[in-house]
2 protein chains.
Amino acid sequence: METVPAPKADLSAQIAKAIRDAIVEGRMIVDERLPSEAELAEQFNVSRPTVREALKRLAAQSLIRTQRGAFGGAFVRRLSYEEAYGQQITTSTLLLSMNAVSFEIACEARYAMERACTALAARRRSADHLATMRAEIHRQGQPGLSDESFCASDVAFHRAMVDAAGNPVLSYQLAGAVEAMQPLMNMITFTARSREAIVAFHTRIADAIEARDAAAAETALEELAAYTLELGRGVMAARAKR
Amino acid sequence: METVPAPKADLSAQIAKAIRDAIVEGRMIVDERLPSEAELAEQFNVSRPTVREALKRLAAQSLIRTQRGAFGGAFVRRLSYEEAYGQQITTSTLLLSMNAVSFEIACEARYAMERACTALAARRRSADHLATMRAEIHRQGQPGLSDESFCASDVAFHRAMVDAAGNPVLSYQLAGAVEAMQPLMNMITFTARSREAIVAFHTRIADAIEARDAAAAETALEELAAYTLELGRGVMAARAKR
DNA sequence: TTACATTTAAATGTCTGACAATTTGGATGC
DNA sequence: GCATCCAAATTGTCAGACATTTAAATGTAA
């Protein structure tokens, strides 16, 4: 946390970088307290508002948390899986919305990544995961479900499948990606018939995973991907004609 | 961008949230200029330093950029793939380092995700991607390469493979994940013999992708995953004994 | 001695006001 | 017509002050 003036940047950005480096490189450990704002100001030879701006930058990345009062201050924060993937979702969502990603590309990416989990899920799935999957399937069959709710349940189903793979890193990466793509998936309107078809695919997947049949699960997932893609293409074409 | 006071949070956090929502929900478009700090201060009924802290939070997430001088100000920023996945890398890296993820879990996740790309890569690979892969393979065969450089080249090889799949969303998600895991992969020390084995696997993968043989590529990748895992286990065991 | 209320000090949160630095656009002079 | 200079707008930085919150220290009573 020395005064290393990175060239050409705001002071607050330089200070934020210096502190961030200290954290990332492990020179500061979780829950360790940073010097007070006044002390940091003195160390870096800047004013307190400038230090505060730097700290806010770090807070925005969940790298620190601040606590008011005596013996309060800024503390290095342990990044939890939940927060990390919350951040990933917002970043990915923004990226997709700002860069006009097509439905095809998003759909392809989503199912390609999910495909990575089927083998592990078939091997490790617990009764709990299966129960969640079945529950979501049941929900998807209910009449009167809105398109958005159907979509949300779809995500929940796939998330249960991913979690069944029993690898937290995989869950983190995939759940974030899949959830970020939901707005794009939401563009589809589901007819009663297409819902029925999707539920059938989901049932096949759940059955295969229950039977620990990785190959069958993968096949079903691939067919679901193809079906979803076609469905999306149809919707896009209809929209283009209008 | 109204004054919607979210309960129980810093003023700067509330203001940041209000502006962020305006951007995410599309009420502000790319390159649009935000009101000046003084105007924002008046709108939200706070002082300028408070507004500034809010803006720094947004800047830390690459949501805005600021420009000094007349007709300068804060502008909504288009999030590029590069930045987004830069952010993803730092988040993932931090998450892994702070939460003590085992080598096994990280390795499994990495190869599972890469496996998602082989089929697409075999179908769409261009001469450029192949050339990059071959170049990295050649580099990995050079004697006197440090373990870290070998690892970096390994990442570059796999990244070329992922890019060959021709899906930017997939590249973004995977490259971020794979790169974040590099520190963990760096813990392995490679003997001359193990390097040779890995290069052989890489060659098999490149050959398969060149021949557009998805199944062969997948098999080779799976064997490489198993080999790497075993290698890692060996290193861990040796380290534990010491 | 223990339990509870009070004080106190340290820290962050916020405000005011000012000045510096930087950039743009127009006015001025030739 | 062109170069130069100046003024205005805006962010970047600083200094000092006060408000608010919180935990520890202190004091007090059962």
On DNA chain C, does the nearest nucleotide to A:R48 precede the nearest nucleotide to A:G69 from the 5' side, or the other way round? Give the residue. A:G69
Separation of D:dT10 atom P from A:D10 atom CG, nearest Å, is 18 Å
pair A:E179-A:Q88: side-chain heavy atoms closer than 4.5 Å: no
Quick check: on DNA chain D, is the nucleotide nearest A:P49 upstream (toward 5') of the one nearest A:A70, or the reverse? Name the residue that is more 5'. A:P49
Using atom CD of B:E53 as one end and atom C1' of C:dT12 as the other, report the distance to the nearest whole Å. 10 Å
Neighbour count above 12 (heavy atom, 6.0 Å) for B:E42 CD: no
What is the distance, to the nearest angstrom, from the CZ atom on B:F44 to the C1' atom on C:dT14? 16 Å
To the nearest Å, give me how far apart CG (B:L40) and P (C:dT14) are. 16 Å
Quick one: A:L55 CG to C:dG13 C1', roughly how many Å, whole number? 12 Å
Is B:R52 close enough to D:dT11 that one of its side-chain N or O atoms is under 4.0 Å from OP1 or OP2 there? no
So what does B:R65 hit on the nucleic acid, given a heavy-atom distance under 4.0 Å: a base, only sugar-phosphate, or nothing? nothing
Nearest nucleotide by nearest heavy atom, which residue falls closer to the 5' end of DNA chain D, B:G72 or A:F71? B:G72
N/O donor-acceptor pair, side chain B:R68 with base D:dT10, under 3.5 angstrom: no
Specify the separation, in whole Å, of atom CD1 of B:I15 and atom C1' of C:dC15. 13 Å
A:R124 with B:E108: basic N within carboxylate O range, under 4.0 Å: yes
From CG of A:L11 across to P of C:dA20 the rounded distance in Å is 16 Å
Just compare C:dT12, D:dG12, D:dT10 and give me whichever is closest to any side-chain atom of B:T66. D:dG12
Is there a side-chain contact between A:R20 and A:Q61 in this structure, where contact means two heavy atoms from C-beta onward sitting under 4.5 Å apart? yes
B:L34 side chain reached by B:I19 side chain, heavy atoms, under 4.5 Å: yes
So, is B:T50 close to the C:dC15 phosphate, meaning a side-chain N or O under 4.0 Å from OP1 or OP2? yes
Would you mind reading off the distance between A:N45 atom CG and D:dC14 atom P, rounded to a whole angstrom? 9 Å
